[in-house]
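What follows is a short report on a single structure.
We count residues from 1, following the sequence as given. Worth knowing before you read on, the calculation uses all heavy atoms, side chains too, and leaves out hydrogens, waters and symmetry mates.
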Amino acid sequence: MSLTTKDSEIAQAIFTVNRHAKTAPDNQFLYALKKQSLNLMIQQKRAQKLGLHFSKNPRKSQQQSSVLVKCGNYYFHMLPKKEDFHSLEHFGDLDESYRNPPSRMNLKHAKELLQNYTGLKPQEKKTALSAFSKRYEPKETNRFYTPKKSYFD
C-alpha cells in the first residue's frame with residue numbers, strides 16, 4: 001500500500017471517528033483517538049497545521065480559536081497550543097461554505113485502523129457496585145423467643 005493511500009485512509013478514518021464522536025453518548029475515547037492520530041500525523045509530517053480559526057461555539061461566551069489541520073483531502077480542527085498563536089496565521093471566522101468530501105467508512109473499521117496506528121486502547125469500564133445490589137434477607141426469627149418484654153413493646 002502506498003504512503004499517499006495510507007494517509008488518505010487514515011484521514012478518512014479520523015473523519016469517520018470525528019463525525020460519530022459528535023453524537024456519541026460516550027465520546028471521550030473517540031475524541032482522544034482523533035487527537036492522538038492528528039498529533040502523530042503532524043509529528044511525522046504527514047499532516048500540516050495551516051492556521052487558526054475563531055471557534056463557532058466558544059466556551060463560556062469568550063472568544064476561542066482552534067487550529068485548522070490539513071490531513072489528506074480532509075480538514076480538521078483541534079485545540080491550539082501556546083506556540084500555535086505565535087507561529088500560525090489567524091484566518092478569522094470559519095468558512096461555512098466548505099465541507100469535507102463525503103466518506104463511507106464503518107466506525108468499527110475506522111476505530112481499529114486508528115487504534116493500530118496510534119496504539120491507543122479504550123479503558124475498561126468498571127462496574128460500580130451500588131449499596132442496593134445486595135439481596136434482602138429478613139432477620140432470622142425464633143417463634144418461641146422474642147426480644148419484646150411485654151405485649152405492648
Checklist line | Under 3.5 Å donor-acceptor, K108 side chain and A110 backbone | finding: no
Item checked: Point-to-point distance, once rounded to the nearest 0.5 Å, from CG of N18 to CE of M78 -> 11.5 Å
Notebook entry, point to check: Got a second to check how far L38's CG is from Y74's OH, nearest 0.5 Å?
Noted result: 13.0 Å
How close do [X] and [Y] get, heavy atom to heavy atom, and via which atoms?
X    : Y   : value
F91  : G51 : CE1-CA, 3.5 Å
M105 : T16 : O-CG2, 3.3 Å
S66  : P80 : CA-CD, 4.0 Å
V69  : A47 : CG1-CB, 4.2 Å
L113 : A13 : CD2-CB, 4.0 Å
C71  : F76 : CB-CE1, 3.9 Å

Next item on the list: Begin with the C-alpha distance, continue with both residues' side-chain angles, and end with the deciding distance and a verdict on side chain to side chain contact (heavy atoms under 4.5 Å, CB included) for R19 and N100.
Entry: CA-CA 11 Å; R19 185 181 62 218; N100 279 325; over 6 Å; no
Notebook entry, point to check: Does any non-hydrogen side-chain atom of R46 lie less than 4.5 Å from one of L40?
Noted result: no
According to the salt bridge (Lys or Arg N to Asp or Glu O under 4.0 Å) rule, which pairs have a member within [range], sequence neighbours left out?
range            : answer
residues 109-121 : none
residues 75-85   : K49-D84
residues 20-36   : D26-K125

Next item on the list: Evaluate the side chain to side chain contact (heavy atoms under 4.5 Å, CB included) criterion for residues L52 and F54: first the C-alpha distance (whole Å), next the side-chain angles of each, then the deciding distance (0.1 Å), finally the verdict.
Entry: CA-CA 7 Å; L52 295 163; F54 285 128; over 6 Å; no
Single-linkage hydrophobic cluster [X]~[Y], side-chain heavy atoms < 4.5 angstrom:
X    : Y    : answer
L107 : L120 : yes
I10  : I42  : yes
M41  : L30  : yes
I14  : Y117 : yes
Y98  : F15  : no

Item checked: Enclosure of Q123 CD (heavy-atom neighbours >12, cutoff 6.0 Å) -> no
Next item on the list: For the pair H77 and H53, name the ring-plane relationship: parallel under 30°, tilted 30 to 60°, perpendicular over 60°.
Entry: tilted
Checklist line | Evaluation steps, side chain to side chain contact (heavy atoms under 4.5 Å, CB included), between Y31 and V17 | finding: CA-CA 8 Å; Y31 278 127; V17 164; over 6 Å; no
Note to self: For the aromatic rings, using the six-membered ring if either is Trp, is the centroid distance between H90 and F85 under 6.0 Å?
What the structure shows: no
Next item on the list: I would like to know whether L79 and Q64 meet side chain to side chain contact (heavy atoms under 4.5 Å, CB included); could you show each step before the answer?
Entry: CA-CA 9 Å; L79 293 175; Q64 186 178 352; 3.8 Å; yes
